[in-house]
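So the structure is just underneath, and the comments pick up after that.
Here is the naming used below: chain letters follow the sequence lines, and residue numbers restart at 1 for every chain. Note that this is a predicted model, so its numbers are computed, not measured.
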Number of protein chains: 2
Amino acid sequence: MGRTAGRSPQDTRRALLDAAGEAIRTRGVNATLDEIARHAGVSKGGLIYHFASKDELILELARDLLASFRAQVENRLDPADTEPGRLTRAYVRALLAPTEDEVVARKSMALITQLMTIPAVAELVDADTRQLNAELHADGLPPDVMTLVTATADGVSSAPLWGESSTGPEIRQLERRLIQLTRQPGLWQELPWEE
Amino acid sequence: MGRTAGRSPQDTRRALLDAAGEAIRTRGVNATLDEIARHAGVSKGGLIYHFASKDELILELARDLLASFRAQVENRLDPADTEPGRLTRAYVRALLAPTEDEVVARKSMALITQLMTIPAVAELVDADTRQLNAELHADGLPPDVMTLVTATADGVSSAPLWGESSTGPEIRQLERRLIQLTRQPGLWQELPWEE
DNA sequence: AAAACTGTACCGACCAGTCGGTACAGTATC
DNA sequence: GATACTGTACCGACTGGTCGGTACAGTTTT
């Protein structure tokens, strides 16, 4: 049988990547090629045509997830905002905003930890993280405030990993306050810290 | 052959649990029973004698890691401290203190995410998290401050998951400040937040 | 008809779990 | 104090099933 009517090869590729994500999310790395293919409406042979091996599929999936996360941060960049800390603000919005997209993002980030046992993927993630971290450090904020803000964002977004998440208004308040700290770092730095 | 001279069955059990942790940390869930057994100085048969199946081994490992994390938090409880927020402070110390033990704890927590594809483990982790969360909420701090502090701690401790960790003095400073916030929640709450 | 795909049948490696056996420390019986 | 028996701890060969990868024939599109 040949190509299914009404779907371009690009679409098939995407469907395979999505199916792989879905499968690994629920069944871990032991997810079968057959399972993934079937879930994408393709046979195993079809999958292999697009991705020569399972490792390649997984590597591509990791690349895809990383790129998607990056895009989500960049989408939150305010073009009108040219003050120091603009990337940090986008980062906070990306991690704390409860959009439908965000839920997928969180799940996806969780997914990546499963993939890290493959050396090539670990390297990729490491490089990507280093890059983003460097950019955040070069965002013009005092390091201590930047660290506080991003660490908190990381913590909130990693919470659903271990259980349920509180998407309530408390998170919105926290988001507003974190962003305000990036606008007025002095608020934090000039608190009457003992010692 | 019988028991190897100089090692009790309890020790063997421990060695197997440790080996399982080590193996899963590096090779993921695909770690072989044979590999784990060999690493603990036992044969596969010996492993199966102690743990009837791979799932049982993994479940027991999860239980062990969870208990160890809890113990690490409880060890940080200051007996002289009876003020509100004492558990939160122990939590912060456990996650931010750069002890040798702490490094293992972080790696172990990362490990657990790998194990969550097994339903029984996921349930266990969920119950444990819920419990700890409830206790933190009942720790006597205003919810917004408690959320900020624990989220930040979570973020810092989950950072090494995605790359390198900064165990430098900045973290120590952050630790001191977070703890101070638990002692004087007003510092945070009464900042001049807009809106 | 060439290029771009898809589905099926199959092979071989790998691995969880089984099972028959070994070693040996106790305990009981005579 | 010797013999017989029991339970615990462990070993390693084997099996049955699973899954990644290959080979190739068939089917569309251009």
Side-chain angles (χ1 to χ4, degrees), chain A residues 1-62 114-121, chain B residues 1-62 114-121:
Chain A
M1 299 167 203
R3 137 188 334 175
T4 307
R7 185 157 81 172
S8 82
Q10 309 296 350
D11 289 349
T12 301
R13 219 186 124 92
R14 257 259 63 85
L16 281 167
L17 248 19
D18 289 344
E22 173 74 22
I24 290 182
R25 215 167 289 137
T26 56
R27 304 224 355 185
V29 208
N30 336 10
T32 329
L33 287 188
D34 206 72
E35 206 175 14
I36 295 169
R38 206 80 61 179
H39 214 277
V42 187
S43 75
K44 197 165 100 173
L47 188 158
I48 289 298
Y49 179 79
H50 285 282
F51 304 95
S53 71
K54 192 178 187 180
D55 275 14
E56 192 184 307
L57 169 63
I58 289 180
L59 190 62
E60 223 61 38
L61 174 63
Q114 306 252 347
L115 274 37
M116 298 247 289
T117 43
I118 291 145
V121 175
Chain B
M1 297 172 209
R3 122 187 354 172
T4 307
R7 186 158 80 172
S8 80
Q10 311 295 352
D11 289 348
T12 301
R13 220 186 123 92
R14 255 261 66 83
L16 281 167
L17 248 18
D18 289 342
E22 172 75 22
I24 291 182
R25 215 167 290 138
T26 57
R27 302 222 358 184
V29 209
N30 334 9
T32 322
L33 287 188
D34 205 75
E35 206 175 16
I36 293 170
R38 207 80 62 180
H39 214 277
V42 189
S43 77
K44 196 163 96 173
L47 189 158
I48 290 297
Y49 176 78
H50 286 280
F51 304 95
S53 72
K54 193 177 187 178
D55 275 13
E56 193 185 306
L57 170 64
I58 289 181
L59 189 62
E60 222 60 40
L61 174 63
Q114 306 254 347
L115 274 39
M116 299 247 288
T117 41
I118 292 144
V121 175

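- Between the P atom of dT22(D) and the CG atom of Leu47(A) lies a distance of 13 Å, rounded to the nearest Å.
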Practice prompt. Between protein and nucleotides 13-20 of chain C, map the contacts as a letter string: B base, S sugar-phosphate only, - none, heavy atoms under 4.0 Å, written 5' to 3'.
Written response: --SBBB--
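- Within the 4.5 Å cutoff, side-chain heavy atoms of Asp55(B) are placed close to those of Ile118(B).
- At least one side-chain heavy atom of Gln114(B) sits less than 4.5 Å from a side-chain heavy atom of Thr117(A).
- The side chain to side chain contact (heavy atoms under 4.5 Å, CB included) with Leu61(A) is formed by just one residue from the set Ile36(A), Leu115(A), Asp18(A); it is Leu115(A).
- The main-chain N or O of Glu35(A) is never found under 3.5 Å from a side-chain atom of Thr32(A) such that the two would form a donor-acceptor pair.
- Phe51(A) is not listed as a side-chain neighbour of Leu33(A), based on a closest heavy-atom distance of 4.5 Å or more.
- In this structure, Phe51(B) places its CZ atom 12 Å from P of dA9(D), rounding to the nearest Å.
- Between the NE2 atom of His50(A) and the P atom of dC5(C) there is a distance of 6 Å, given to the nearest Å.
- If you take OH of Tyr49(A) and P of dT27(D), they are 18 Å apart, rounded to a whole angstrom.
- Contact of the Leu57(B) side chain with the Leu17(B) side chain is registered, since non-hydrogen atoms from C-beta on lie closer than 4.5 Å.
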